[in-house]
Amino acid sequence: MSSVIDSLNAPQKEAALTLDKDVRIIAGAGSGKTRMLMARIASLVDNGILPWRILAITFTNKAAREMKERLQTLLQDAARDVRISTIHSLCVRILREDASAIGYPKNFTILDGDDQKSMLRTIYKELDMDRTTFPPSAVLGKISGWKTAGYSPEEAQDQTDGPEAKAYELYERQLEDMKAMDFDDLLLKTRHLLGTNQEVRDKWQNRLDYIHVDEFQDVDPVQYDIIRLLKRPDAFLCVVGDPDQTIYTWRGAAVDIILNFARDFPNTRTVILNENYRSSQTILDAANALIAHNHGRIEKDLFSSIESDRKIETFQAQDESQEPLQVARDITRARKEGLEYRDIAVLYRSNYLSRGIERVLGKLRIPYRIYGGIRFYERQEIKDMLSYLKLITEPDPEDPAQKSLDLAVMRVINVPRRGIGARTVEKLQKEAADRGLNLLEVLRDPQTVSGAAAKKFAPFVELVDEMKSLRASVPLDELMMRMAFDSGYMAMLKDTREEDREENIEELQADIRQALQENPDLTLEEYLQDLSLFTDRDEEAGNAVSLMTVHAAKGLEFEQVHIVGLNEGVFPSLRAMEEAGRDGLEEERRLMYVAMTRAKKALYLSWNSGYSFQLDRHKTPSRFIQEIPEDYVKQESTPLDNYPVHKSPQGQSRKSRGRAPKPTTRLRKGDHVEHTVYGAGVVTDVQKDIVSVAFGHPNGVRKLNMHHPSLQKVKG
DNA sequence: TCGGTCAGTGTTTTT
DNA sequence: CACTGACCGA
Ligand SMILES: Nc1ncnc2c1ncn2[C@@H]1O[C@H](COP(=O)(O)OP(=O)(O)OP(=O)(O)O)[C@@H](O)[C@H]1O
């Protein structure tokens, strides 16, 4: 053990070995905060503190998993018992034990974003709201803001002229009715429980002697309250963070919490870490120079002993389809020089920017793993199957009404088509509300729906009952598959030839089977309970390039990092700047700081030029590129010749780059095209050489130069 | 009342 | 293109 502490530098040691005070570590990127945290936990266990009396709160499930794995190598079996989780998982843990104290069943439902949206759909109908004037995501954001700030629907009424406050009221009422919680509720209800119920609070306080919080700069006031409620007066808190890495203020994070920490905890030792062990001096200097453009920050003099004469490489791609090619070339090159794919990451501001990269990496057979975006358990067919399974769960004795079934019923009642349409569902809902039943109960015994319509319910109800009766004899994974077939869902997929969806359902079966292997007594109820929390399966990444947003890359490190899409308006995001002005820009800059400091040895920054028909002006490089002093930067300009770019069917060569493009076949309205970044699309309008192309979700209609090589005509 | 067509719309970041 | 709401024929 002592070796773990020995591997720390002096201030890290001080922080790790201060066990009789609260500790706050404020330090820049890569200065070994997380490493210190781990050493501290290891040393606590070594000093006889019982592992389960130690809590560590991480920001993501991935970070929790990683910390657990690394502790395993330090502590072997004892590591298993250290409580390591995100604050949301911790709250679920607390609530599943004692939710009854605040009027919830222990197996309350957790809603994910999809469920929230489908609730809004019903509410929109009721309030006659339309989704263009009130984008659901914006309304959900508003509701979340009100909830978290502690405004009741009545109080929210004063803050808007629109119907949003009313929507908020209905939303809350429906949640209450279903005994369900959204992600905000997990925190709010936990705070409420701990704050009002001394028994529960004492129980948890007496369980925990040492509480650690990683990424403390992104904690919000509600989370902070929970942390304080968990801390017994003689327990110790150890928080770690970097104010320059605050990137979640848009969802309530408050840097002031870490800055003013010592005010709330006077017995605090503050430790500053100045040496960066991750990045080369060049990368670090560049990142420091960038973040220095922000105002009102605490200056840090972060240094690195990793000398390197390797500069940061920037390049301007000819257009958005060239950028991924150049990235791929640099990845291939690095690989030839001995780097593994797993040592490389491609980072971007928003998820949609991954598409072009994916396309090219896939084509060139460079293995990659994408993090974020639409995750496994969020896929439509997976959620559909999970909804079918939900229908055959038994109600919690504390929630006999089981109204949370309604979400599942609404989702699959007419998928595949059973002739039960919107009108009928509306009637069913009304009847359910009037009779105080859930939708499944109404389906069994409808009283307000005409006989003809009601006849269509029987097969559905029979399916549910049939599956219910099989629960005792058929293993869960097989039960799910039977459900998929007997419901007609699989046949529907076959009909529409959606093979990848079929495959995903088979993967779901494998996932359930694996869960059963880990816990043979697993019940269906348990399996479904916390899935919304774990939106991704933990599968081996293998040796693959990592693709993710900068937000998702927080806390990680890679030998080589590519930051792509560094265009003004993209990164920094125009929306962020419009919404929050200078604060927005500064948060974007912190985001860029986080991105750059993920790199150990090599950093590539790229943007794509060309004309943006959207903005009606030429694209420009991100100001962040210009904020990096030239000394640290090398402009890359190696042409792409000799790189295995796929040849276009027309035999166009890359030599035409920059030249007036040779006229290809003229595109006409209705033509089907394929774009290297946006994928398949249809021409909707032609103005001289500018075509409007409608691409698939979420790209929408884009105006493009019809002769551009990234656009190819394909057969309809 | 269902479900087929038609026209209009459509980008942050995540637990 | 994918998704939604409006409209209309069965
Ligand atoms: N004292 C040390 N000696 C050598 N290497 C160290 C030391 N402390 C940390 N490191 C290494 O430096 C890298 C960064 O450490 P760590 O991830 O703990 O930093 P961090 O401060 O948490 O970074 P971030 O703010 O980006 O989350 C890791 O590879 C870690 O192993």
Side-chain angles (χ1 to χ4, degrees), chain A residues 57-64 85-92 110-113 121 124-125 130-133 135-138 140-141 144 181-187 215 218 220 222-223 247-253 347-353 355 371-373 375 378 380 414 417-427 449-450 452-453 456 530 532-536 548-554 565 569-580 584 587-588 590-591 594-595 614 672-675 678-684 693-702 716:
Chain A
I57 296 174
T58 60
F59 203 77
T60 60
N61 289 312
K62 187 166 154 58
S85 75
T86 63
I87 191 135
H88 288 85
S89 297
L90 175 69
C91 287
V92 170
I110 303 172
L111 297 190
D112 67 11
R121 253 197 296 279
Y124 274 31
K125 240 180 250 154
D130 80 286
R131 42 198 317 110
T132 23
T133 17
S137 54
L140 283 174
S144 168
M181 299 196 199
D182 62 18
F183 282 104
D184 292 324
D185 283 327
L186 295 178
L187 303 179
E215 310 282 8
D218 271 323
D220 68 42
V222 179
Q223 298 173 355
I247 54 177
Y248 281 94
T249 55
W250 53 272
R251 63 165 220 212
L347 308 182
Y348 33 83
R349 173 64 242 257
S350 335
N351 283 307
Y352 75 93
L353 292 163
R355 291 162 157 271
Y371 295 86
R375 285 165 271 212
E378 292 168 357
Q380 182 182 297
N414 207 25
R417 296 260 124 101
R418 295 188 176 90
I420 304 169
R423 207 61 246 292
T424 307
V425 170
E426 218 170 285
K427 274 195 186 162
V449 181
S450 74
K456 297 171 181 161
D530 296 343
S532 339
L533 223 48
F534 301 99
T535 41
D536 234 344
M548 64 186 99
T549 64
V550 183
H551 283 91
K554 172 164 154 151
V570 176
F571 194 180
S573 139
L574 187 65
R575 278 263 312 261
M577 293 188 291
E578 280 171 354
E579 269 166 28
E587 178 139 319
E588 293 291 300
R590 289 192 293 272
L591 200 54
V594 169
Q614 305 267 102
H672 288 249
V673 293
E674 175 83 17
H675 189 272
Y678 308 125
V682 176
V683 176
T684 57
V693 184
F695 291 105
H697 210 66
N699 289 308
V701 175
R702 283 170 185 272

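Here is how names work: the chains are called A, B, and so on, in the same order as the sequence lines, proteins then strands, and each is numbered from 1. Worth saying up front: this structure is predicted, and the values here are computed from it rather than measured.
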Distance test, side-chain N/O of A:Asn414 to OP1/OP2 of B:dG3, below 4.0 Å: yes
Mutual orientation of the aromatic rings belonging to A:Tyr248 and A:Phe59 [parallel < 30°, tilted 30-60°, perpendicular > 60°]: tilted
Side chain A:Tyr348, main chain A:Val550, donor-acceptor under 3.5 Å: no
Sole residue of A:Leu533, A:Thr86, A:Ile87 in side-chain contact (heavy atoms from CB on, under 4.5 Å) with A:Val92: A:Leu533
Closest-nucleotide ordering on DNA chain B, the 5'-leading residue of A:Ser573 and A:Ser450: A:Ser450
Sugar-phosphate only, base, or nothing, as touched by A:Ala453 at under 4.0 Å among non-hydrogen atoms: nothing
Any residue meeting ring-ring contact (aromatic ring centres under 6.0 Å, His included) with A:Tyr678, in chain and number order, not counting sequence neighbours: A:His675, A:Phe695
Presence of A:Arg417 side-chain N/O under 4.0 Å of B:dG4 phosphate oxygens OP1/OP2: yes
Sugar-phosphate, base or nothing in reach of A:Lys62, heavy atoms under 4.0 Å: nothing
Salt bridge (charged side-chain N to carboxylate O under 4.0 Å, His left out) partners for A:Lys62, two or more places apart: A:Glu66
A:Arg702 side-chain proximity, nearest of B:dT9, B:dT11, B:dC2: B:dT11
Under-3.5 Å N/O pairs linking protein and nucleotides 13-15 of chain B:
unit_1 : atom_1 : unit_2   : atom_2 : d
B:dT13 : OP1    : A:Asn351 : N      : 2.6
B:dT13 : OP1    : A:Asn351 : ND2    : 3.1
B:dT13 : O4'    : A:Arg349 : NH2    : 3.1
B:dT13 : O2     : A:Trp250 : NE1    : 3.2
B:dT13 : O2     : A:Arg349 : NH2    : 2.7
B:dT14 : OP1    : A:Thr549 : OG1    : 2.9
B:dT14 : OP2    : A:Asn351 : ND2    : 3.3
B:dT14 : O2     : A:Arg251 : NH1    : 3.1
B:dT15 : OP2    : A:Arg375 : NH1    : 2.9
B:dT15 : OP2    : A:Arg375 : NH2    : 3.4
B:dT15 : O2     : A:His88  : NE2    : 3.2

Pairing residues for A:Asp220 by the salt bridge (charged side-chain N to carboxylate O under 4.0 Å, His left out) criterion, not counting sequence neighbours: none
Contacts of type ring-ring contact (aromatic ring centres under 6.0 Å, His included), residue A:Tyr352, not counting sequence neighbours: none
Atom P, compared across C:dG5 and B:dT11: separation rounded to whole Å: 14 Å
Reading 5' to 3' through nucleotides 1-9 of chain C, protein heavy-atom contacts under 4.0 Å coded B for base, S for sugar-phosphate only, - for none: BS-SS----
Check: A:Ile247 main-chain N/O paired with A:His551 side-chain donor or acceptor under 3.5 Å: yes
